[in-house]
Amino acid sequence: MSATQRRRHNDESELDDSGILNERILLLVFESIKWDLQVLCLVSSVNHKLRAIGKRILWRKLCVFRAPRMVAALANGAPNGRIGGGWDALAKLMFFCSGCESTRHFKVSRPTPGHFARSSRFSKTSGRSFLAKRCRSDLLFISDPCEHPVGGNEDHLGIYRGIFRGFMRSKTRACLIGRQVAFEESVRCPYCGTRVWSMTAARLVPKSAAGRLGSGDRRLEYFVCVNGHLHGACWLIPLSSDEEVCDDGSDEDLDGDDEIDRDACSHQTVTDGSSSSLGEDVSGGGSID
């Protein structure tokens, strides 16, 4: 038996062990259940064969189903349609709030654990507010902050995340490299596990970021990893029940933003009723424990 025949025989044996004779069966099953996030997590944890199928096909399909406009924008011009860090990392970023621990530039009284969010809203219009002026040609999607009551007399904690398109070719990365900004020693990306830069340490946090979050100046921090995933936290300015956060008009509306369900955890109020200009809701398709 040749090496090619042995390899094919081994692959067929592994496929039989998984109980899946045709990947098309999996696609049909997930299409019928509208790409349920919890089911895909369970299937990917069964064995290494199903995990490999998930990484190669299923997570991408889920991302496209849940946030078609955001995925189309991120994949536009990407080599072979690949996303930095992989589609499984993008799916995790869509649905997982990373939590928060104290860092050298941002202190909390106690750690806040990460959790799956039933829905979130991502916007590239908001993303422009997180880009330094010289980097405004980059494309960045940012979620609305997930609000976490801390208790006591402290303000509520807002935790947010985002992703760059084509980060390897971005001006933001070029600025970080040009300034010789060092990686953070004690922080890793919660979505792909790679090393991160502190945008606070790099002095690349524009004042507009605080305004977009509903936070105060110097009351926020965020990190960007080598794959272009962003995560951060801020202290939210308390709002009364009849207050609204209004856009200052400094950023033009951009088509193609994605919201991941209108039940996203957010302290902000959309005043014009137009979700297409602000973002795309991404829903997990059911309760997420």
Side-chain angles (χ1 to χ4, degrees), residues 67 69-78 83-85 90 93-94 98 103 105-106 120-145 158-184 187 189 191-192 194-234 245-259 266 268 277-280:
R69 290 175 295 173
M70 186 169 80
V71 168
L74 291 173
N76 182 29
I83 297 294
L90 176 59
L93 185 143
M94 284 183 179
S98 62
T103 63
H105 295 295
F106 191 86
S120 301
R121 183 172 63 180
F122 286 79
S123 169
K124 65 183 180 184
T125 305
S126 295
R128 285 178 58 85
S129 300
F130 288 75
L131 297 171
K133 188 174 182 180
R134 72 189 70 178
C135 303
R136 284 294 176 89
S137 61
D138 291 346
L139 178 59
L140 170 65
F141 283 89
I142 289 288
S143 74
D144 284 348
I159 302 173
Y160 50 97
R161 67 256 194 216
I163 182 170
F164 281 82
R165 179 179 69 184
F167 183 68
M168 290 295 292
R169 303 183 302 277
S170 68
K171 291 188 176 180
T172 299
R173 181 180 181 274
C175 282
L176 290 165
I177 299 298
R179 294 186 180 190
Q180 298 182 330
V181 180
F183 290 120
E184 290 295 292
V187 182
C189 176
Y191 302 106
C192 65
T194 57
R195 305 192 73 177
V196 303
W197 290 281
S198 166
M199 302 301 279
T200 303
R203 298 186 179 182
L204 287 174
V205 179
K207 292 183 178 180
S208 54
R212 180 65 71 171
L213 289 168
S215 181
D217 189 25
R218 301 182 185 280
R219 286 163 50 89
L220 74 157
E221 182 176 35
Y222 53 93
F223 303 91
V224 176
C225 81
V226 297
N227 286 317
H229 303 135
L230 180 151
H231 75 282
C234 65
V245 174
C246 299
D247 194 352
D248 62 6
S250 61
D251 294 325
E252 73 270 21
D253 288 342
L254 301 172
D255 293 333
D257 296 351
D258 275 332
E259 295 178 7
S266 174
Q268 295 182 320
S277 65
L278 292 176
E280 179 174 67

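Heavy atoms only: backbone and side chains are in, while hydrogens, waters and symmetry mates are out. Please read all numbers here as calculations on a predicted model, not as lab measurements.
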Backbone N or O of [Y] within a donor-acceptor pair of the [X] side chain at under 3.5 Å?
X	Y	answer
Ser129	Ala209	no
Arg161	Leu230	no
Thr172	Cys135	no

Check your understanding: When the aromatic ring centroids of Phe106 and Phe223 are compared, is their separation below 6.0 Å?
Key ->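 Ring-ring flag for Phe106/Phe223: false, centres at least 6.0 Å apart.
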Exercise for review: For the residue pair Trp197 and Phe167, categorise the inter-ring angle as parallel (less than 30°), tilted (30 to 60°) or perpendicular (more than 60°).
Suggested key: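 Rings of Trp197 and Phe167: tilted, as their planes differ by 30° to 60°.
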Review point. Between His229 and Tyr191, how do the two ring planes meet: parallel, tilted or perpendicular, split at 30° and 60°?
Key: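 Plane angle over 60°, so perpendicular.
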Check your understanding: How far apart are the C-alpha atoms of Leu93 and Phe122, what are their side-chain angles, what is the distance that settles it, and do they pass the side-chain contact (heavy atoms from CB on, under 4.5 Å) test?
Key -> CA-CA 11 Å; Leu93 185 143; Phe122 286 79; 3.5 Å; yes
How about [X] and [Y]: do any of their side-chain heavy atoms sit closer than 4.5 Å?
X	Y	answer
Lys133	Pro206	no
Met199	Val224	yes
Arg173	Val226	no
Leu74	Phe141	yes

Check your understanding: Given Ser143 and Arg121, is the side-chain contact (heavy atoms from CB on, under 4.5 Å) satisfied, shown in steps?
Key -> CA-CA 5 Å; Ser143 74; Arg121 183 172 63 180; over 6 Å; no
Exercise for review: Please indicate whether Arg179 has more than 12 foreign heavy atoms, meaning atoms of other residues, nucleotides or ligands, lying under 6.0 Å from its CZ.
Suggested key: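 Check passes, neighbour count above 12.
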Review point. Does a salt bridge link Asp138 with Lys171, judged by any charged N lying under 4.0 Å from a carboxylate O?
Key: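 So Asp138 does not pair with Lys171 through a salt bridge.
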**Study point:** Closest contact, heavy atoms only, Leu220 versus Ala210
**Key:**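 Scanning both residues completely, I find the closest heavy atoms to be CD2-CB, 4.1 Å.
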